[in-house]
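Numbers restart at 1 for each chain; the letters A, B, ... are given by sequence-line order, proteins then strands.
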Amino acid sequence: MTGLAEGAAVVAPAGSPAAWAWLMAVVPLVSAAVLLLVGRRLGRAAPWVAILSAGFSLTLAVWAAVWLAGREAAERTVVHTVATWLPAGELEVDWAVLVDPLAVAMSLLVTGVGLLIHVYSLGYMEHDSDIPRFFAYLNLFLGSMLVLVLGESLLTLFVGWELVGLCSYLLIGFWFDERPNASAAKKAFVINRVGDVGFMIAMFLLFGAIGSLSLVEVLPAAEGLAGGTLVAVGLLLLLGATGKSAQIPLFVWLPDAMAGPTPVSALIHAATMVTAGVYLIARMSPLYVQIPEIGLVVAAVGAATALVAALIAVAQNDIKRVLAYSTVSQLGYMFMAVGVGAYSAGIFPLLTHGFFKALLFLAAGSVMHAMADRGDIREMGGLLRDLPITGGTAAIGTLAIAGFPLTAGFFSKEEILAAVADTAGGEVILAIGLVVALLTAFYMARWFALVFLGPRRFEELDHPPHPHESPLSMTLPLVLLAVASLGGGVLNLDPETGVLAGWLAPSVVAFEQTAAIIGHGLLEAIAIVLALVGLAAGVLLFRAGPREVSASAAPAVRFAQDAFRVDELYRAAIITPGHWLAVGLTWFDERGIDGAVNGAGRATSGLATAGARLQTGFVRSYALAVLIGTVLLIAGLVGVWMAAGDGIVLTGGW
Amino acid sequence: MTPVLAQATEGGAAELWTFIIVGAVALGSAFGLILMRNAVHAALMLVLNFLAIAVLYAVLQAQFLAVIQLIVYAGAIVVLFLFVLMLLGVSREDSLTARVPGQKTMASVLGVLLFVSLAAATAGPFLGDASVCGSEEALTGTGDGVPCLGLAAVNAAEGNLRGLGFLLFTDYVWAFEVTAVLLVIAAIGAIVLGRRQEDPSELVEPGSTVLPARRGSGSAATEPGAGPTDADEGAATETSEATPSEGEERT
Amino acid sequence: MSVPAGYYLILAAALFSIGAVGVLIRRSVIVMFMCVELMLNSVNLTLVTFARINASLDGQVLAFFVIVVAAAEVTVGLALIVNLFRLRASTDADQVGALRA
Amino acid sequence: MADVPLLTLLLAVPAAVALLIAVMPREAVRPIRSVAMAGSLVTLGVAVAVLAAFEVGQPGFQLEEEVAWIPQWGISYRLGVDGISLLLVALTAFFMPLVVLAAWHQHERAKGFFVALMAMGAAMLGVFLALDLILFYVLFEAMLVPMYALIGIWGGKQRRYAAIKFFLYTLVGGLLMLVAILYLYWSAGAQSFDYDVLRGLELTGTEQLWLFLAFFAAFGIKVPIFPFHTWLPDAHTEAPTVGSVILAAVLLKIGGYGFLRFSLPYFPEATISLAPWMLGLGVIGVLYGALVAMMQRDIKRLIAYSSVSHLGFVVLGAFALNQTGAAGSVVQMVNHGLSTGALFLLVGFLYDRTHERAIAEYSGIMRVTPVFGGLFLITAMSSLALPGLNGFTGEFPILLGTFAAVPLAGIAATLGVILAAIYLLWAYQRMFHGPVEGRAVGLTDLTPREIGVVAPIVVLMVAIGLYPGPLYDRVNPTVEVLVEEVVAVAEGADVATVDQTGDPAAGSDAPIELDAPAGSDLDSADDDDEDEEVSR
């Protein structure tokens with residue numbers, strides 16, 4: 001079992017990086033605030049404030065990693081409480097930091113890729129009018145992601161969870177002048193919120209059962225939970241994860257998120273934020289390991305998403321949307337891994353994917369930068385000659401993502417497939433995994449071929465851009481990421497004995513083999529063959545430019561291009577009925593309740609006017625009324641006397 | 001006291017007959033009053049009614065009241081009515097059509113109802129033989145009904161007038177004084193209401209026969225109240241005499 | 001055979017009712033006013049009858065006061081009617097509808 | 001410092017200032033508003049003194065003051081503050097200077113305006129401090145007059161309709177409550193309207209039910225709870241900016257406060273039997289308010305309906321009958337006051353510039369006025385309970401408590417969080433994003449004064465969001481005692497009349513005999529004056 005599961009959390013010794021770890025998150029947050037408040041006055045220095053704070057976080061992360069590595073495996077789960085946060089009645093939640101191998105690995109990825117993208121943004125956002133605001137949001141994101149990753153209790157994790165949602169809202173809608181960007185941002189936030197509701201309800205259940213939300217208490221108590229709660233929490237956390245990591249059913253926001261600047265897509269929608277879902281499930285491994293059937297559900301969701309996204313990616317024509325669907329697909333892979341219980345095998349691709357997907361996005365950014373922000377790959381082609389570095393690094397990225405042997409992608413994908421193959425009931429998922437491997441290689445090769453190879457189609461455009469290589473500040477990160485994509489495999493050559501597996505042991509539950517659907521060697525061979533076939537097909541087919549779609553295939557391609565019309569489905573199934581419900585309620589509110597209230601008002605005034613009509617103004621009708629009164633009175637008196645039986649004694653004793 | 005009156009009060013057949021005749025006259029004149037189209041005729045009917053009641057007073061041994069009735073009511077009040085009638089010249093036919101539908105039928109039904117209940121309320125116990133004032137059943141208390149002793153004895157002692165006077169100035173002296181004051185106030189009231197704004201243009205040289213045309217009031221003096229003048233023409237001529245309301249609250 | 005006091009009371013009641021009806025029916029204010037006088041008289045008659053029944057002059061004193069008050073009332077009433085006439089140039093009770101709601 | 005009658009001072013200062021302004025000449029606008037500002041700042045100072053003097057761990061009433069007001073009927077002028085009312089008093093005092101600053105350029109009948117404002121402050125503070133039911137009722141109704149004036153005189157086009165609707169709605173509720181109070185008074189037999197005396201009554205189940213419903217009428221309308229909410233949007237759209245801010249920030253809290261102060265402790269059995277219904281109404285309020293808010297074309301109506309939704313959460317927290325929920329609802333009342341108060345202030349500034357409230361008329365404001373856009377975004381985020389800002393610190397415990405009480409209600413209410421995001425961001429997007437068009441063209445950004453009004457609120461929002469500890473430390477003890485008491489009834493234990501005033505040993509507990517000078521003109525005078533001169 002892992003350190004946390006046995007409750008072996010150690011209080012951080014004073015002065016140790018773990019004790020300062022919370023600064024890792026706070027410094028970027030503070031610098032974001034500073035940039036937002038006085039950014040404009042800082043002028044050119046603004047980006048550097050952001051870069052410095054990102055650098056500071058990276059150094060602190062590295063220091064923590066080194067420090068943690070120095071400790072024995074058992075004592076690598078270190079907790080440091082900064083302050084009490086929410087002492088609401090029975091709920092006790094503190095601002096506390098959990099520094100353990102998983103958290104440190106994630107923070108390294110976040111700060112590392114983050115810093116590179118900060119540097120990249122220097123060049124990319126050069127002529128943008130609102131630089132301080134952009135870098136403030138980037139820093140805000142960095143801080144929030146670190147809060148998420150380092151959070152000691154589920155609630156602090158949730159704080160980071162929603163704050164990154166806010167940052168993605170702000171960054172997707174960064175160029176809010178165009179309406180589509182703004183609505184894409186809103187769509188992202190709302191759909192993330194749907195996922196967050198699942199997360200919150202899971203927290204309620206856990207708090208109800210365990211009485212605390214701090215991971216140090218929740219994870220050890222995971223075994224004791226009742227079956228029903230476990231299943232419910234498992235599914236709800238899955239719902240939360242699908243929201244954040246763009247899995248079925250909540251993946252529709254990621255493709256639209258491409259409306260944001262490319263560095264944002266690279267950092268948030270490829271490397272870091274979208275992996276939060278995988279991190280959450282990995283973090284809750286002690287819980288998921290109790291419910292293997294729910295694990296299979298997670299894996300199934302991952303496989304389905306991977307397949308669907310891969311199919312859609314094949315038909316996309318925008319340089320960034322292909323990558324977006326590719327991200328969704330690769331995340332599906334990671335869900336498959338953590339689903340079947342291979343948590344370290346899930347985190348490994350998380351890191352490698354972070355490298356090569358960020359690389360691909362930055363390359364795409366560099367291409368768009370050169371092509372005056374045009375994104376349609378059908379109008380590109382032959383850019384290798386004009387953008388050698390970008391082209392080269394993009395090639396490495398493509399090979400890595402396709403799982404070309406010895407690249408980082410190869411190792412991570414192979415481990416996932418191996419883990420799935422060793423899980424009972426994983427046959428279908430394995431098959432899908434292999435198909436997706438082929439598709440991935442194919443659409444990435446297509447992407448590469450259309451952009452960098454073949455005839456230079458952009459020259460026939462009315463005023464053709466003349467592409468030139470991006471400045472060093474953009475190409476340097478590309479090169480670094482390319483190196484990481486190639487060398488990344490070193491991190492975890494073998495699922496059991498790899499460096500990463502060992503490193504993550506205290507944080508996540510180890511993988512138990514429950515079946516052997518296919519031998520690892522054979523599996524590896526098949527994977528390599530599929531990768532090569534996919535790559536070759538992609539390059540050969542699209543080297544000469546985009547291919548005409550045959551009449552019979554046209555509807556299928558159109559369906560794929562429209563992303564299986566999932567958006568329209570949601571609009572019809574949820575948005576329109578919701579709209580009409582709201583309209584109905586508003587009508588009910590204005591006519592119904594208000595109607596009743598005003599009705600009461602009108603009724604009283606109606607009564608009043610009716611009463612007033614009695615005042616005819618004729619003196620004689622008043623006299624008549626008086627007369628009626630007198631007659632009734634006297635008749636009454638007479639009646640009373642009669643009843644009294646003593647007749648009318650007027651004269652007698654009164 | 002005239003012998004006829006004295007004789008009538010002794011009871012016996014004479015009283016019955018006088019009651020029947022005078023009662024009929026009173027009722028007839030009352031109906032006349034409410035049914036006559038012409039207001040002046042109605043006033044005359046009223047006079048007749050007052051006379052009949054005066055006789056009844058006499059029969060009921062209230063001789064002083066009978067005289068007062070004649071002087072005050074028949075003499076002064078009705079004359080005043082006639083005077084006003086003539087002054088305002090409203091002796092034209094007063095159409096009986098009431099504005100409020102069903103007013104007449106409703107009124108008469110109510111009148112009957114009122115009559116029945118009043119009669120039952122007041123006259124109930126006094127219909128028996130003993131109630132014949134001065135009759136021996138009353139004195140011996142044998143007949144049914146409430147005995148009516150009659151005022152013979154009382155009047156006999158000092159006479160009706162002296163008895164009344166005596167009472168007036170002992171038990172009811174305060175009431176008497178108050179009524180005196182009341183009369184004075186009434187007189188002043190009538191003068192004030194009757195006052196007209198002394199408008200210089202209206203000063204009439206003594207002896208000229210032409211009445212100055214009242215400013216804006218459509219010289220009411222000559223204009224016969226031809227038929228029911230519609231309300232707005234009348235209302236429009238808000239004559240200056242209407243006492244201007246002092247410092248009316250600005251709304 | 002003489003008249004029991006009750007007959008006078010019935011007569012008075014009749015006169016009173018006729019007066020009341022008169023007030024309701026007639027549209028001319030003056031006639032209404034006369035009917036009121038008639039009603040007052042019928043009340044006087046009742047008072048006098050009871051004075052006789054109870055063999056005390058109090059009834060008559062009261063009737064006397066009623067007459068005095070009636071006189072005062074007539075003076076003021078008629079003055080009002082004259083004023084009314086100046087305002088509306090008519091004595092029709094229905095013209096005076098200012099109180100209409 | 002201990003013997004200074006802080007609570008009476010807290011009440012007397014704004015009332016005295018209102019009186020002072022009332023006698024100042026009408027055209028002296030500048031001195032009037034500076035007196036008003038000085039008065040509100042002094043009140044804030046006194047409030048800070050109260051906060052300082054408040055012992056944190058104590059559940060019972062503190063800083064009590066009691067003076068016999070009408071001894072024949074057992075009515076006394078008794079003030080006290082405990083965990084529940086402390087924060088709301090602080091919130092009111094906090095808002096008064098801001099509101100005065102926001103109304104700095106109020107020239108149209110400025111004198112009446114500031115008199116109403118100050119009187120409003122005094123009445124609101126009084127309501128939260130009153131520990132005598134009649135004093136509570138008098139101040140509960142006294143608040144109506146200045147608010148009615150604020151909406152009726154300085155309001156928008158349909159102000160008369162909105163003012164009357166607001167007035168009648170609250171008045172009817174108040175009268176039903178009065179009936180209940182009188183019933184309590186007679187059934188008490190102790191001839192006293194004192195809070196503790198009437199609290200320890202042995203009431204039968206049906207009695208409690210009817211009395212609860214009577215109190216519910218008054219507080220339900222004030223919250224406002226679902227069917228009785230239609231006065232709020234009209235009152236908000238027609239009220240002047242400052243009126244809306246006070247209405248949203250403080251006035252609506254009296255409903256929630258009333259439930260916790262009166263309904264729960266006085267009628268435990270009825271509370272327990274009606275709790276599911278109240279949770280249902282709360283959930284409806286949350287979802288209904290949010291759904292209808294989406295459809296509003298006028299930004300102020302949208303925020304008004306968002307208030308209905310947020311205060312639905314407060315009701316949920318109060319009737320979840322567990323400590324987390326109740327503590328959450330008290331803090332949520334403060335949070336809602338801050339976020340919605342700020343929203344109305346910002347919308348008010350926009351309205352001052354364009355006199356236009358329709359959302360569709362604006363586009364791209366963020367580009368033209370970034371500061372305004374930024375502040376609005378932060379406030380909107382706080383309003384939709386983004387963690388890290390104050391909204392979340394109130395809403396999460398409430399949802400937790402509600403889920404613990406009735407899981408289904410908890411889940412349904414959590415959906416409200418999504419709807420909140422939808423209607424707020426949708427409105428934000430339509431007004432602030434997109435190309436610069438419509439009324440957004442030529443907008444001037446916030447002036448330093450305006451920023452000065454909203455800045456303290458935003459700072460407080462972030463502070464409470466990151467560190468709500470101090471708030472909860474003060475609320476938890478009182479709420480713990482309250483919930484234990486109500487729950488104890490549920491488990492059949494008889495109503496142990498918990499000695500509310502804490503053990504007598506704790507120093508300053510004996511009610512401080514006010515050394516009132518002859519005729520105690522200070523406090524009783526200002527109570528009556530402030531009612532009477534306001535209505536002039």
Heavy-atom neighbours of B:Phe31 CZ exceed 12 at 6.0 Å: no
With rounding to the nearest 0.5 Å, note down the distance linking CG in B:Leu114 to OG1 in A:Thr630. 6.5 Å
For B:Tyr73, the side-chain hydrogen bond (donor to acceptor under 3.5 Å, both in side chains) test, sequence neighbours excluded, returns none
Compile the donor-acceptor pairs under 3.5 Å between side chains in residues 575-582 of chain A and protein atoms, sequence neighbours left out, one pair per line.
unit_1, atom_1, unit_2, atom_2, d
A:Thr576, OG1, A:Arg571, O, 2.6

Testing the basics here: between B:Ala121 and A:Val638, what is the closest heavy-atom pair and its distance to 0.1 Å? CB-CG2, 3.9 Å
Counting only non-hydrogen atoms closer than 4.5 Å, does A:Ile628 touch chain B with its backbone (N, CA, C, O), its side chain (CB onward), both, or neither? both
B:Leu113, B:Thr122, B:Leu118, B:Val116 screened by side chain to side chain contact (heavy atoms under 4.5 Å, CB included) with A:Ile634, the one that passes: B:Leu118
